[in-house]
Amino acid sequence: MNDTLRHKGLRKRLVDGLKIKGIKDQGVLEAINNIPRHLFMESSFVHFAYKDQAFPIGAGQTISQPYTVAFQTQLLEIQKFDKVLEIGTGSGYQASVLLEMGAIVYTIERQKELYLKVREFLPQIGYNPKFFFGDGYKGLPTYGPFDKILITAGATSVPEDLKSQLKIGGRMVIPVGKHDRQSMCLIKRLGENEFVMGKHGSFVFVPLLKGTANS
Ligand code: SAH
């Protein structure tokens, strides 16, 4: 698939913009610099692909804004070989960022159409997370615990099932709020029953929904 010098140039500009907006994690910046975001979109809207904005990907869902992807990933402090659970595969872009950083990625999507599309597409460009179709509210109890958990849709509260699948010493990043605005919450698990939570600004996400959808 086509990744030209022009695409690379636009990507470099996007990364420079993310640095100006405060993204410092070199691994995150390198991943965004390496991933051809234009290939994740319905057609190659190159101008939109490298603008720092969200974009529709079908099934009423969006590929997150690069700044949001970078910010959430930076909060996770990804290390090589971290076992990461992502809720909301969507376009697969966020999963690719985690894979570029050397993580082992488990990703869940509740929209059948998106799940099927991404499961076919991502390996074609060299990214191989473990794909699951299901309700991310429940996580993946048989595959946990995870070093990091990332929720890429807005939740009204923190799902208990996900907290229990976080390793002690692990980090979870989840946007939490009512209606259409969420606080970016970072939860650290300090002990069996000990969690601390910090808030890191406000963002807009599509909602985290219960159950699965087949169309
Ligand atoms: N991480 C994605 C962003 C996708 S937007 C990307 O990089 O493109 C959020 C996604 O979460 C949507 O695809 C939506 O269908 C999915 N979603 C919402 N609720 C969910 C749930 N309970 N379980 C799994 N996926 C969910």
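Residue numbers count from 1 along this sequence. Note that the structure is a prediction, hence the values are computed from the model and not measured. Each ligand, and each atom within it, is numbered from 1 in the order the structure gives.
- Protein heavy atom nearest atom 10 (C) of ligand 1, with residue, atom name and distance: Gly88 CA, 3.7 Å.
- By the 3.5 Å distance cut-off applied to N or O atoms, Ala153 is not counted among the residues near ligand 1.
- Looking at atom 4 (C) of ligand 1, its nearest protein heavy atom turns out to be Thr62 O, 3.3 Å.
- Counting only N and O atoms by type, the side chains of Tyr127 and Glu100 include a donor and acceptor under 3.5 Å apart.
- Of the protein's non-hydrogen atoms, the one nearest atom 7 (O) of ligand 1 is Gln94 N, 3.0 Å.
- Not one N or O of Gln111 is nearer than 3.5 Å to an N or O of ligand 1, by distance alone.
- Using a 4.0 Å cutoff on heavy atoms, Gly134 counts as a contact of ligand 1.
- Put simply, part of Thr89 is less than 4.0 Å from ligand 1, judged by heavy atoms.
- Between Val206 and ligand 1, no N or O atom pair is found at a separation short of 3.5 Å.
- For Lys210, the closest heavy-atom approach to ligand 1 does not fall below 4.0 Å.
- The shortest N or O to N or O distance between Leu209 and ligand 1 is below 3.5 Å.
- For the pair Ala95 and ligand 1, no heavy-atom separation below 4.0 Å is found.
- The shortest heavy-atom contact between Asp3 and Lys8 is O-NZ, 3.6 Å.
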